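Nothing here was measured: the structure is a model prediction, and the numbers come from that model. In what follows, every chain begins at residue 1, and chains take the letters A, B, ... in the order their sequences are listed.
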Amino acid sequence: MSVVTRFAPAPTGRLHVGNIRTAVHNWLWARKNGGRFILRLDDTDKERSSEANAEGIKEDLAWLGLDWDEEHRQSLRFERYEAAFERLRAAGRVYPTYETAQELDLKRKVQLSRGRPPVYDRAALRLSDSERARLEADARTPHWRFRLDHDSPIEWDDLVRGRQIFDPALLSDPVVRREDGSWLYMLPSSVDDIEMGVTHVLRGEDHVANTALQLQMFEALGAASPAFAHEALLVGSEGKLSKRLGSLGADALREQGIEPIALVAKLARLGTSLPVEPLAEPRILIETFDFATFGRAPARFDLDELAQLNSRIVHLLPFEAVAARLPEGMGADDWAAIRPNLKTVAEASDWWAILHGHVESEAAEEDRSLIRAAAEALDEIDWSEAPWPQLVSRLKERTGRAGKALFRPLRLALTGRESGPEMAALLPLIGRGEAIARLRAAAA
RNA sequence: GGCCCCAUCGUCUAGCGGUCCAGGACGUCGCCCUUUCACGGCGAAAACACGGGUUCGAUUCCCGUUGGGGUCACCA
């Protein structure tokens, strides 16, 4: 059996870390098995969905390198849901209810205050024909609920949580259709999973109860159910589920210089027993993906850890992989010299500007003579052969300086910065004339 | 409040009754390399939430406490 997974975001915003993690895992599982990865835009909620967000999500996925094999939109499939709805209605599995949102809200509050779970009381099921007629005459249009079968427990073997058992009596009959005829998530999702041949539903554990409901829908619709895997959610580094995490979008991360592969590598392994490692491409991630490695406790997502992984990955990236994002004229040698000191690829431009642009610095009083000596020495050495060591040994000889006292002022005068890539690699890139000019200016 | 998950180094975790004075990864610290910072290499410190059981023996099994997460929408 070939594997089919799906990522089904509602186009109500850009992708964020929580979203991306389940997208990554679904993609990994499909790719590992040579299966299909479906992008399904769950846009049944017209109010909150937008075309701009749908495009944003696709852009985010493309940036992440998560390629999808099929794309669907629920808003284009309403007739399928209608057909399924009619079948359920004919089978008596769906029934009209007339409470207003306020009434339902009140019922819930009363139940809660009595220490009872706020489960829908099925009052609509006990309506007599005359009562129903009166409600309709009252111009009350119904919304529709799926009638759960209370007779036996709902069970499944979750790929990450193990055996799950739910008592359907503790669950509310889910509303599947609004008064205005529009659809809610529950039924369309089940219909799509059936019709698109989804074999594995991998999603956050906030969906476990939904799975219990949907299992009965699959059955009522006469379809076999897919396998389910519910992964623990991510929490912020403070331990609490942070709002910041929910709003930490792929677009924002991208602007911060996070490489897509860094995000993918981090999210693929966070919360698993596999180590988070700096990888330049996802092959290893695909090969090692395994539900058995998933922990069942919420894992913390730490932005600083991501940033650190990101720089380690940047140090690994070959020139060809980043060439398009490098400043005009920057070559493989320049990249090799600068790369080990970068946190983000964008910083390469800063160093390029330092190497070839204008650098201004003023040496401290006590360093002036050293800098002047350096300018003189540069004139004398053989530039074609590793100029930096030559410069250093001459200066050491003439000034008696060594170590930090020697390097710091030189680096400062030559690059305007206190830290950076190896000077031995930088000096040839700056060039003799420019180096001498900078030293003289700094000592002036 | 009901129901469901979870509880090992700072973080992600291995551990499925003795092999654990608890293993790995990230981070931290130290050393080495580099006549500087960084990069890189090597090494070290660092944890079984608490209380009861069960057992010859509990990190491992059971119960409870505490703590964390989820869910109970005419959102997805």
State whether a side-chain donor-acceptor pair under 3.5 Å links [X] with [Y].
X      : Y      : value
A:D173 : A:Y95  : yes
A:S172 : A:R145 : no
A:Q390 : A:D382 : no

To the nearest Å, give me how far apart [atom1] ([X]) and [atom2] ([N]) are.
X      : N     : atom1 : atom2 : value
A:L370 : B:U35 : CG    : C1'   : 13 Å
A:L112 : B:G1  : CG    : P     : 10 Å
A:R21  : B:G69 : CZ    : P     : 16 Å
A:L170 : B:G70 : CG    : P     : 20 Å
A:Q111 : B:U71 : CD    : P     : 19 Å
A:L410 : B:U36 : CG    : P     : 12 Å
A:Q214 : B:U71 : CD    : P     : 15 Å
A:L213 : B:A73 : CG    : P     : 11 Å

Using a cut-off of under 3.5 Å, enumerate the N/O to N/O pairs linking the protein to nucleotides 38-40 of chain B.
from  : atom 1 : to     : atom 2 : distance (Å)
B:A38 : O2'    : A:N341 : ND2    : 3.0
B:C39 : O4'    : A:P340 : O      : 3.3

| said: Given B:C4, B:G2, B:U28, identify the nucleotide with an atom nearest to the side chain of A:Q308. | reply: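 Looking only at side-chain atoms, A:Q308 lies closest to B:U28.
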
| said: Among B:G1, B:U36, B:G69, which nucleotide has an atom closest to any side-chain atom of A:M423? | reply: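 Ranking B:G1, B:U36, B:G69 by closest atom to the A:M423 side chain puts B:U36 first.
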
State whether [X] and [Y] are salt-bridged, where the test is any N-O pair (Lys NZ or Arg NE/NH1/NH2 against Asp/Glu carboxylate O) under 4.0 Å.
X      : Y      : value
A:E103 : A:R140 : yes
A:R89  : A:E86  : yes
A:E366 : A:R401 : no
A:E205 : A:R296 : no
A:K109 : A:D105 : yes
A:E418 : A:R408 : yes
A:E305 : A:R300 : no
A:E376 : A:R372 : no

| field | Set of residues satisfying ring pair (Phe, Tyr, Trp, His ring centres under 6.0 Å) with respect to A:F291, sequence neighbours excluded | value |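 For A:F291 the ring pair (Phe, Tyr, Trp, His ring centres under 6.0 Å) partners, ignoring immediate neighbours, are A:W29, A:F289.
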
| message | A:E99: which residues meet the side chain to side chain donor-acceptor pair (under 3.5 Å) condition with it, sequence neighbours left out? | response |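 Partners of A:E99 under the side chain to side chain donor-acceptor pair (under 3.5 Å) test: A:K107, A:Y120.
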
| Partner set under side chain to side chain donor-acceptor pair (under 3.5 Å) for A:R126, not counting sequence neighbours |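 So A:R126 forms no side chain to side chain donor-acceptor pair (under 3.5 Å) with any residue.
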
| query | For residues 392-418 of chain A, which residue pairs qualify under ring pair (Phe, Tyr, Trp, His ring centres under 6.0 Å), counting only residues two or more places apart or in two chains? | reply |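 For residues 392-418 of chain A, and leaving out neighbouring residues, the ring pair (Phe, Tyr, Trp, His ring centres under 6.0 Å) pairs sorted by first residue read A:W388-A:F407.
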
| B:G68 and B:C31: how far apart are their C1' atoms, nearest whole angstrom? |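 Taking atom C1' in both B:G68 and B:C31, they lie 39 Å apart.
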
| task | Using the C1' atoms only, state how far B:G53 lies from B:G15, rounded to an integer number of Å. | result |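 So the two C1' atoms sit 23 Å from each other.
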
Base-pairing assignment for [N] (Watson-Crick or G-U wobble, both under 3.5 Å):
N     : result
B:C3  : B:G70
B:A22 : none
B:U34 : none
B:C39 : none
B:G17 : none
B:G27 : none
B:U65 : B:A49

| Does the A:R14 side chain pair with the main chain of A:D251, one donor and one acceptor, at a distance under 3.5 Å? |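 Here the side-chain-to-backbone pair does not exist.
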
| Main-chain N/O of A:P226 paired with A:H200 side-chain donor or acceptor, under 3.5 Å |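 It does not hold such a pair.
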
| query | Reading nucleotides 7-15 of chain B from the 5' end, what letters show protein touch, with B for base, S for backbone sugar-phosphate only, - for no heavy atom under 4.0 Å? | reply | ----SSSS-

| query | What are the residues of residues 151-158 of chain A, sorted by number, that bring a heavy atom to within less than 4.0 Å of RNA chain B? | reply |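 Nothing qualifies; none.
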
| field | Full working for side-chain hydrogen bond (donor to acceptor under 3.5 Å, both in side chains) between A:S50 and A:N53 | value | CA-CA 5 Å; A:S50 80; A:N53 283 326; 3.0 Å; yes

| query | Using a cut-off of 4.0 Å on non-hydrogen atoms, how would the nucleic acid contact of A:K404 be classed: base, sugar-phosphate, or nothing? | reply |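 Sugar-phosphate: the residue A:K404, judged by heavy atoms under 4.0 Å, touches backbone atoms but no base.
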
Donor-acceptor pairs under 3.5 Å, side chain of residues 174-186 of chain A to any protein atom, not counting sequence neighbours: which ones?
from   : atom 1 : to     : atom 2 : distance (Å)
A:R177 : NE     : A:G181 : O      : 2.8
A:R177 : NH1    : A:E82  : OE2    : 3.1
A:R177 : NH2    : A:E82  : OE1    : 2.8
A:R177 : NH2    : A:G181 : O      : 3.4
A:R178 : NH1    : A:S182 : OG     : 2.9
A:D180 : OD1    : A:S182 : N      : 2.9
A:D180 : OD1    : A:S182 : OG     : 2.7
A:Y185 : OH     : A:R203 : NH2    : 2.7

Using the 3.5 Å cut-off, write out each protein N or O paired with an N or O of nucleotides 74-76 of chain B and the distance between them.
from  : atom 1 : to     : atom 2 : distance (Å)
B:C74 : N3     : A:E179 : OE2    : 3.0
B:C74 : N4     : A:E99  : O      : 2.4
B:C74 : N4     : A:H143 : ND1    : 3.1
B:C74 : N4     : A:E179 : OE2    : 3.1
B:C75 : OP2    : A:R178 : NE     : 2.8
B:C75 : OP2    : A:R178 : NH2    : 2.4
B:C75 : O2'    : A:R48  : NE     : 3.1
B:C75 : O2'    : A:R48  : NH2    : 2.0
B:A76 : OP1    : A:T44  : OG1    : 2.8
B:A76 : OP2    : A:Y185 : N      : 2.8
B:A76 : O3'    : A:D42  : OD2    : 3.2
B:A76 : N6     : A:N210 : OD1    : 3.4
B:A76 : N6     : A:N210 : ND2    : 3.0
B:A76 : N1     : A:N210 : ND2    : 3.1

With 3.5 Å as the limit, what N/O pairs link the protein to nucleotides 43-46 of chain B?
none

| said: With nearest nucleotide decided by heavy atoms, which residue, A:R114 or A:R161, maps closer to the 5′ end of RNA chain B? | reply: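 Comparing both residues, the 5'-ward one is A:R114.
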
| task | Mind checking side-chain contact (heavy atoms from CB on, under 4.5 Å) for A:P340 and listing every partner two or more places apart, or none if nothing turns up? | result |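 None.
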
Protein-nucleotides 60-62 of chain B N/O pairs closer than 3.5 Å?
none

